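A short worksheet on the structure shown next.
The analysis underlying the following values was restricted to heavy atoms, covering all of them including side chains, and did not include hydrogens, waters or symmetry mates. For clarity, every value in this text was computed on a predicted model and none was experimentally measured. Nothing fancy with the numbering, it's 1 onward along the sequence.
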Amino acid sequence: IGLTISLAALAGYERPGGFAIPVTEEFRRVVDVLKTGRTPDYGFLGVEPGPPTPQQRQSGRLGTRVVDVVPATPAARAGLRVGDLITQVDDQPIHDRLDLFRVVSSRLAGMHVRLQWLRGGEGGRTERAMSARVPLSKKRLEMSPAYLIGYGSLKASVHVLGRYRG
C-alpha cells in the first residue's frame, strides 16, 4: 500500500513520470497528527554526522562518524562521543550521514529508537560495540538545513542562526 503521485507530460517534454511513497507506520503517525490540525514534531538526536575516517573505511566499517554532540540532547544522554561510528538505528543499517538523517527524521519526537555504534578501534585501541535505547526530542536548534544533514559546523550554525533553547 502506498501513496502514488504522477506527473503529466507537457508538450515538448519526454514522458510522464510517477512514483509511490510507501505508507509506513511512521507515515501513518504523521498523518494522524496532521488530521488533528497540529504540526508534527519530528525526532532530533543531537549529533553532527560526518563520514567515517579513512581507517574505518579501509577496515570495511559502514556508518556515520559523530563529529559533534550537542549538550543536553538524546545523543548526549545516551553517551555518544565525538569519534563514535553510528552503525544502526532500530536495526536499520546506517551507511552514511544521509541514512542517519532519513531514519531519525522519519520518527516523531518522543519515540524511542535503538542506537548501535562502535567506539575506539583506532590507534591500537580495542573497538567496542555499544547500544542504547534513546527517546528522541524535538528539534530545538534553529540551524541551517545543511547542518541537519551533516554539512557545516554546529558552532557556526548556532552562532549565525540562533542559540540552543533548553
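The shortest distance between side-chain heavy atoms of Pro51 and Arg57 falls below 4.5 Å. At a threshold of 4.5 Å between non-hydrogen side-chain atoms, the residues Leu45 and Leu115 count as touching. Arg81 has its side chain within reach of Arg119: a pair of non-hydrogen atoms, C-beta onward, lies under 4.5 Å apart. By the 4.5 Å heavy-atom criterion applied to side chains, Val47 and Thr64 are not counted as neighbours. Between Val104 and Leu136 there is a side-chain heavy-atom pair separated by less than 4.5 Å. Counting only heavy atoms from C-beta outward, the side chains of Val134 and Arg77 never approach each other to under 4.5 Å. Residues Arg65 and Arg97 form no side-chain contact, since every pair of their non-hydrogen atoms from C-beta on lies 4.5 Å or further apart.
Scanning all heavy atoms of the two residues, the minimum distance from Gln56 to Gly83 falls at NE2-O, 4.1 Å. Between Gly63 and Pro52, the shortest heavy-atom contact is O-CG, 3.5 Å. A pairwise comparison of heavy atoms in Gly46 and Ala75 identifies O-CB, 3.8 Å as the closest pair. A pairwise comparison of heavy atoms in Val103 and Gln92 identifies CG2-OE1, 3.1 Å as the closest pair. Residues Gln88 and Pro93 share a closest heavy-atom pair of CG-CA, 4.1 Å. Ala76 and Val70 get closest at one heavy-atom pair: CB-O, 3.6 Å.
Considering OG of Ser137 and CE of Met111, their distance stands at 14.0 Å, rounded to 0.5 Å. Considering OG of Ser105 and OH of Tyr42, their distance stands at 8.5 Å, rounded to 0.5 Å.
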Got a list of side-chain donor-acceptor pairs under 3.5 Å for residues 31-38, not counting sequence neighbours?
{"from": "Thr36", "atom 1": "OG1", "to": "Val33", "atom 2": "O", "distance (Å)": "2.6"}
{"from": "Thr36", "atom 1": "OG1", "to": "Arg38", "atom 2": "NE", "distance (Å)": "3.0"}

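Here the options are Ile86, Leu80, Thr87, the test is side chain to side chain contact (heavy atoms under 4.5 Å, CB included), and the partner is Asp84; only Leu80 passes.
The side chain to side chain contact (heavy atoms under 4.5 Å, CB included) test applied to Asp99 returns Ile94, His95, Asp96, Arg102, not counting sequence neighbours.
Grouped by direct or indirect side-chain proximity (heavy atoms under 4.5 Å, Ile/Leu/Val/Met/Phe/Trp/Tyr only), Leu118 sits with Leu85.
Both Val113 and Met130 are part of a single hydrophobic cluster, where members link through side-chain heavy atoms under 4.5 Å apart.
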Begin with the C-alpha distance, continue with both residues' side-chain angles, and end with the deciding distance and a verdict on side chain to side chain contact (heavy atoms under 4.5 Å, CB included) for Leu100 and Val89. CA-CA 8 Å; Leu100 180 65; Val89 176; 3.8 Å; yes
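Arg114 and Ser131 share a side-chain donor-acceptor pair at under 3.5 Å.
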